[in-house]
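One structure is given here, and the rest of the page talks about it.
Below, each value reflects all heavy atoms present in this structure, side chains not excepted, and no hydrogens, waters or symmetry copies. Residue numbers begin at 1 in each chain, while the letters A, B, ... track the order of the sequences.
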Number of protein chains: 2
Amino acid sequence: MVRRAQGKPTIADVAALAGVSVAAVSKVVNGKGSISAPTRERVLTAASKLQWTPSAAAVALRSAKTRAIGMVARRSPDLLSADPHFTLLISGIESELSPLGYGLLLHIVGEEPSAEEAAYRRLADERRVDGVVLTESLIGDTRFDLLRTLGMNTVLIGTPWRDDPVPAVQATGLDSGIRSAVEHLVAHGHQRVAYVSGPEDRVHTRYRRRVFEEALAAHDLTPSHTIVSDFTAAGAVDAVGRLLADRRRPTAVLFANDSMAVAGMSAARRLGVDVPGDLSVIGHDDLPLGELVYPQLTTVRQDLVGLGRAAARVLLASLGEIEDATVDIRPPELVVRESTGPLTSREPVHPT
Amino acid sequence: MVRRAQGKPTIADVAALAGVSVAAVSKVVNGKGSISAPTRERVLTAASKLQWTPSAAAVALRSAKTRAIGMVARRSPDLLSADPHFTLLISGIESELSPLGYGLLLHIVGEEPSAEEAAYRRLADERRVDGVVLTESLIGDTRFDLLRTLGMNTVLIGTPWRDDPVPAVQATGLDSGIRSAVEHLVAHGHQRVAYVSGPEDRVHTRYRRRVFEEALAAHDLTPSHTIVSDFTAAGAVDAVGRLLADRRRPTAVLFANDSMAVAGMSAARRLGVDVPGDLSVIGHDDLPLGELVYPQLTTVRQDLVGLGRAAARVLLASLGEIEDATVDIRPPELVVRESTGPLTSREPVHPT
DNA sequence: ATGAAAGCGCTAACAA
DNA sequence: TTGTTAGCGCTTTCAT
């Protein structure tokens, strides 16, 4: 018995059991070189008998491929769990990586951009991953340059800043969701529509705001209010407080994400304002949360799982693992639920 | 110039630049062996000049340590993002791993237990991680045996099944949260309290239910209803429907998690039942979600981030990375918000 | 079609 | 204190 008593089997054990060379084993597991059918059989049975799987470390060292993808989320634990945005993206990414035996190395760092940068640096310097997926494109984003310098395969989920040639995935008809949202409100007679936006350092934040304004403009309307907020519940509550304090308060408001929308809706109701009777509320993303609450949230659905899958496939394609990177990403669409509708109260131009 | 034009620097490059042997470099970066101060200096400056960091693959191959921890979440994308439970645990784990340069390899698999098992197997066979963290202890859990067989370092977040000697982390005073919840309700005059539990294959599910029953028993009360549900919103809605259809409907209900509680609360309100006027609702976990909604959710807070941190430290300690694994995990506690209170309506013994 | 052998970048005995 | 050296488990020429 040549098998070592303890420790995992190695390629040599398999080769010995199959009565072939280690090179032969390597060839059959990698499908390279030429191997006769009988040899392949013997190797395969030996491998399965020994329950052998190539050591990731050895493969990585030898071939300079780690078969792992990295992702870093720049969020505090609280915000991360309040906005399960990332979770959905990660699910999508994983669903593509898993079948190919790729791993996902996740890092959660604090809000400081330097921490994110350091994480990428470490991923690259330690050669822990074959590529990374970036999210939340920033105005003046330096991460692409960094990763290019580090020689790291990269894909961005979202819109690149200033036509940066980084590979990126996004839905077609990106503006359709917000446009439909505005149409929906206008069709219900809303004329004073406000927008509570996210941090303006994001590319998508500005884009969506512009789409919102254009959609209103098509009806000769302008935003009744625009509030730039963070992504926190407190920010949403504060925004709603300001909106409703205005004597020309809006009759409808769009929020940058579902968590803010729900928080905003609650704030309104706490102030005695009925949703949607006095105020229509629309969120963004269509997270499960929106269906949980009462009234259920009308929101702009984003295919986050699809985006994650697409990003993974772009990476996989550039790593030569798959031929076709295309994934069907469903365009954003409005999901009408209960938080929007026509005004039912008397026009609250003069709040009590 | 000995440095290769392309490719990352290696330990040999650093050694050459510092004018020492590769062994010397290895010793200084690992703090082993004896190295003179001047030599250490030269190595350090050379390393930083070259921006060199040891290759994770080479270290892993040579030392059989990957400096990575694995975790597999068995959840559909939807459920995962509806219940950010995992997210919080992961944040806690990461916060301990990151400073030590450890990575977190995440796998998300479907609901089938076999998928989870396969994921662990792969993690072990490929030797991708030095340990794994398990969550959601199951009745008759086979994962511990599997991982023991695979020779994998393991830590469980939660209560082991049948005193399995797997290392586990949990809060002290585990029952305090639910006990306080019951006390709180009873103090407000509630006599008919229902419990909407999670899937009964979980260890904690049964435990919590038992605590609930004991706490009621201390007041000579028994559960008005007990409904075993899944963790979905639909399950919660259905449960509430059944609860409220009863002519001896409960005046208060505890849910197994916050998402269910919120969904349940919404269902009640949709049926014209006021919360907390007609029905008090209590959740479990204290996710950010509970503060977003109106009325804000009274819930049993669990220190999920602390549990994650503790689990990571147990692993780190058994890997010899740290001395002291102890982390202060805050005991569960009741967070009273707006979804509970005394009955304000007439006793709804006879529903309309 | 198959195998021998040279490393991938690093760590740890062992020598010096 | 420092350096030499033998691998860790695998992939990949290059012979045969």
Side-chain angles (χ1 to χ4, degrees), chain A residues 2-4 6-44 46-47 50-67 101 124-128 130 320, chain B residues 2-4 6-44 46-47 50-67 101 124-128 130 320:
Chain A
V2 266
R3 282 175 61 188
R4 282 100 39 92
Q6 33 119 279
K8 310 268 172 168
T10 73
I11 194 173
D13 299 322
V14 177
L17 182 61
V20 299
S21 71
V22 295
V25 178
S26 175
K27 282 169 190 156
V28 351
V29 304
N30 293 302
K32 313 211 171 181
S34 29
I35 288 293
S36 66
T39 305
R40 136 171 283 105
E41 276 318 305
R42 314 232 318 280
V43 168
L44 257 19
L50 258 34
Q51 292 229 62
W52 174 78
T53 307
S55 146
V59 171
L61 178 56
R62 180 61 235 221
S63 60
K65 297 204 172 311
T66 60
R67 302 186 69 81
D125 290 346
E126 297 183 354
R127 277 135 291 180
R128 266 190 188 273
D130 296 335
Chain B
V2 267
R3 283 174 61 189
R4 282 103 37 92
Q6 34 121 277
K8 309 268 175 172
T10 75
I11 193 173
D13 298 323
V14 177
L17 183 60
V20 299
S21 70
V22 294
V25 177
S26 176
K27 281 170 191 159
V28 351
V29 305
N30 294 302
K32 312 210 171 183
S34 27
I35 287 294
S36 66
T39 305
R40 135 172 283 105
E41 277 317 306
R42 314 233 317 279
V43 168
L44 258 19
L50 259 33
Q51 291 230 63
W52 174 78
T53 307
S55 145
V59 172
L61 179 55
R62 177 62 235 221
S63 59
K65 297 203 171 313
T66 62
R67 303 184 70 81
D125 290 346
E126 297 184 354
R127 277 135 291 180
R128 266 189 189 274
D130 297 334

Heavy atoms from C-beta onward define the side chain here; which of [options] lies closest to that of [X]?
{"X": "B:Thr39", "options": "D:dT2, C:dT2, D:dG9", "result": "D:dT2"}
{"X": "B:Ala23", "options": "D:dG3, D:dG9, C:dA5", "result": "D:dG3"}
{"X": "B:Lys32", "options": "C:dA12, D:dT11, D:dT4", "result": "C:dA12"}
{"X": "B:Val20", "options": "C:dC10, D:dG3, D:dT2", "result": "D:dG3"}
{"X": "A:Ala24", "options": "D:dC10, D:dT2, C:dG3", "result": "C:dG3"}
{"X": "B:Asn30", "options": "C:dG3, C:dT11, D:dT11", "result": "C:dT11"}
{"X": "A:Arg62", "options": "D:dC10, C:dC10, D:dG3", "result": "D:dC10"}

Quick one: [X] [atom1] to [N] [atom2], roughly how many Å, whole number?
{"X": "A:Asp125", "N": "C:dG9", "atom1": "CG", "atom2": "C1'", "value": "15 Å"}
{"X": "A:Arg128", "N": "C:dG9", "atom1": "CZ", "atom2": "C1'", "value": "15 Å"}
{"X": "B:Leu61", "N": "C:dG7", "atom1": "CG", "atom2": "C1'", "value": "12 Å"}
{"X": "A:Arg67", "N": "D:dT11", "atom1": "CZ", "atom2": "C1'", "value": "14 Å"}
{"X": "A:Ile11", "N": "D:dG7", "atom1": "CD1", "atom2": "P", "value": "18 Å"}
{"X": "A:Lys65", "N": "D:dC10", "atom1": "NZ", "atom2": "P", "value": "18 Å"}
{"X": "A:Arg40", "N": "C:dA1", "atom1": "CZ", "atom2": "C1'", "value": "12 Å"}
{"X": "B:Trp52", "N": "C:dC8", "atom1": "CH2", "atom2": "C1'", "value": "15 Å"}

Does A:Val29 or B:Pro38 map to a spot on DNA chain D nearer the 5' end, using the closest nucleotide for each?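 The residue whose closest nucleotide sits nearer the 5' end is B:Pro38.
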
Report the distance from atom [atom1] of [X] to atom [atom2] of [Y], rounding to the nearest 0.5 Å.
{"X": "B:Thr66", "Y": "B:Arg127", "atom1": "OG1", "atom2": "CZ", "result": "11.5 Å"}
{"X": "B:Ser26", "Y": "B:Ile11", "atom1": "OG", "atom2": "CD1", "result": "5.0 Å"}
{"X": "B:Arg42", "Y": "B:Ile35", "atom1": "CZ", "atom2": "CD1", "result": "11.0 Å"}
{"X": "B:Lys8", "Y": "B:Gln51", "atom1": "NZ", "atom2": "CD", "result": "9.0 Å"}
{"X": "A:Thr10", "Y": "A:Leu50", "atom1": "OG1", "atom2": "CG", "result": "8.5 Å"}

Could you check whether B:Ile35 gets within reach of a base, just the sugar-phosphate, or nothing at all, counting any heavy atom under 4.0 Å?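 Result for B:Ile35 = sugar-phosphate.
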
Residue-phosphate contact under 4.0 Å: [X] side-chain N/O, [N] OP1/OP2:
{"X": "B:Ser21", "N": "D:dG3", "result": "yes"}
{"X": "A:Ser26", "N": "D:dT11", "result": "yes"}
{"X": "B:Ser36", "N": "D:dT2", "result": "yes"}
{"X": "A:Ser34", "N": "C:dA1", "result": "yes"}

Give a yes or no on whether a donor-acceptor pair under 3.5 Å exists between the nucleobase atoms of D:dG3, that is its base, and the side chain of B:Lys27.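 Indeed, a donor on one side and an acceptor on the other fall under 3.5 Å apart.
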
Any idea which heavy atoms bring A:Val29 and A:Trp52 closest together, and the distance?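 Reported closest heavy-atom pair: CG1-CZ3, 3.5 Å.
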
